[in-house]
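The figures that follow rest on heavy atoms only: side chains count, while hydrogens, waters and symmetry mates do not.
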Amino acid sequence: MTLADIGGRTLNTTGFDNQGRLSIEEMDRLQGCDAFMVSVTDSNDTTFEQLSDTKLWQRLPAVQAGNVTVLQGSTYYGSIYTNMYVAKGWDDLYSTLD
């Protein structure tokens, strides 16, 4: 099953860097998103925590609606455990949507 099979779609990534990051100046590009799944791979990295405190993040409709799921740890190794963890993340995220 793919993301499209369960009704999801990804964002047009034009303007993102090669690691999928978007500069703070480009945050308005996320206005049309219904939800976000964020992967925080390093528990010592406070980047997402800092982002969460910004007004730019907080004004996004998906954030205001509580449609954000944060996955802690590595989500890109491809093992069966990683796949199950990410699938649970999608399930958690989809359960936030009306």
Side-chain angles (χ1 to χ4, degrees):
M1 186 173 282
T2 67
L3 182 60
D5 293 332
I6 57 175
R9 59 185 167 79
T10 58
L11 185 66
N12 178 341
T13 57
T14 302
F16 286 70
D17 71 11
N18 63 353
Q19 293 184 5
R21 296 177 299 202
L22 188 66
S23 70
I24 197 79
E25 295 83 13
E26 297 282 335
M27 190 69 66
D28 280 343
R29 298 186 72 227
L30 303 176
Q31 287 289 332
C33 294
D34 297 321
F36 298 104
M37 184 185 304
V38 179
S39 177
V40 178
T41 57
D42 182 351
S43 61
N44 296 319
D45 186 350
T46 60
T47 304
F48 180 67
E49 191 175 307
Q50 292 171 19
L51 174 65
S52 296
D53 291 337
T54 67
K55 290 183 191 249
L56 290 171
W57 176 258
Q58 293 171 6
R59 76 177 187 189
L60 293 172
V63 174
Q64 291 176 353
N67 298 340
V68 179
T69 295
V70 179
L71 299 179
Q72 299 290 333
S74 177
T75 57
Y76 52 87
Y77 283 119
S79 74
I80 187 65
Y81 301 108
T82 301
N83 291 337
M84 292 183 333
Y85 181 60
V86 172
K88 182 180 179 331
W90 281 114
D91 187 51
D92 292 346
L93 185 62
Y94 272 97
S95 71
T96 67
L97 300 174
D98 293 330

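The two residues Q31 and R59 make their nearest non-hydrogen contact at NE2-NE, 4.0 Å. Closest of all the heavy-atom pairs between A35 and L93 is CB-CD1, 3.6 Å. The minimum heavy-atom distance linking V40 with D45 is given by the pair CG1-O, 4.4 Å.
How far CE of M37 is from CG of D92: 8.0 Å, rounded to the nearest 0.5 Å. Note that OG1 of T54 and CD1 of I24 are 4.5 Å apart. Values are rounded to the nearest 0.5 Å. Remark: E25 CD to L56 CG distance equals 9.0 Å, nearest 0.5 Å. With rounding to the nearest 0.5 Å, the separation of OG in S39 from CD in Q72 is 8.5 Å.
Aromatic ring pairs are classed by plane angle as parallel below 30°, tilted from 30° to 60° and perpendicular above 60°; the pair F48 and W57 is perpendicular.
With a 6.0 Å radius and a threshold of 12 heavy atoms from other residues, nucleotides or ligands, E49 has its CD atom at or below the threshold.
A 4.5 Å side-chain heavy-atom check between D28 and L60 finds every atom pair outside the cut-off. Inter-residue side-chain proximity for N67 and D34 is flagged as unmet; no heavy-atom pair is nearer than 4.5 Å.
Of the possible polar contacts, none joining the Y85 side chain to the L71 backbone as a donor-acceptor pair under 3.5 Å is found.
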Step-by-step side chain to side chain contact (heavy atoms under 4.5 Å, CB included) determination, R29 to F16: CA-CA 10 Å; R29 298 186 72 227; F16 286 70; 3.5 Å; yes

Can W90 and T69 be said to form a side chain to side chain contact (heavy atoms under 4.5 Å, CB included), step by step? CA-CA 8 Å; W90 281 114; T69 295; over 6 Å; no

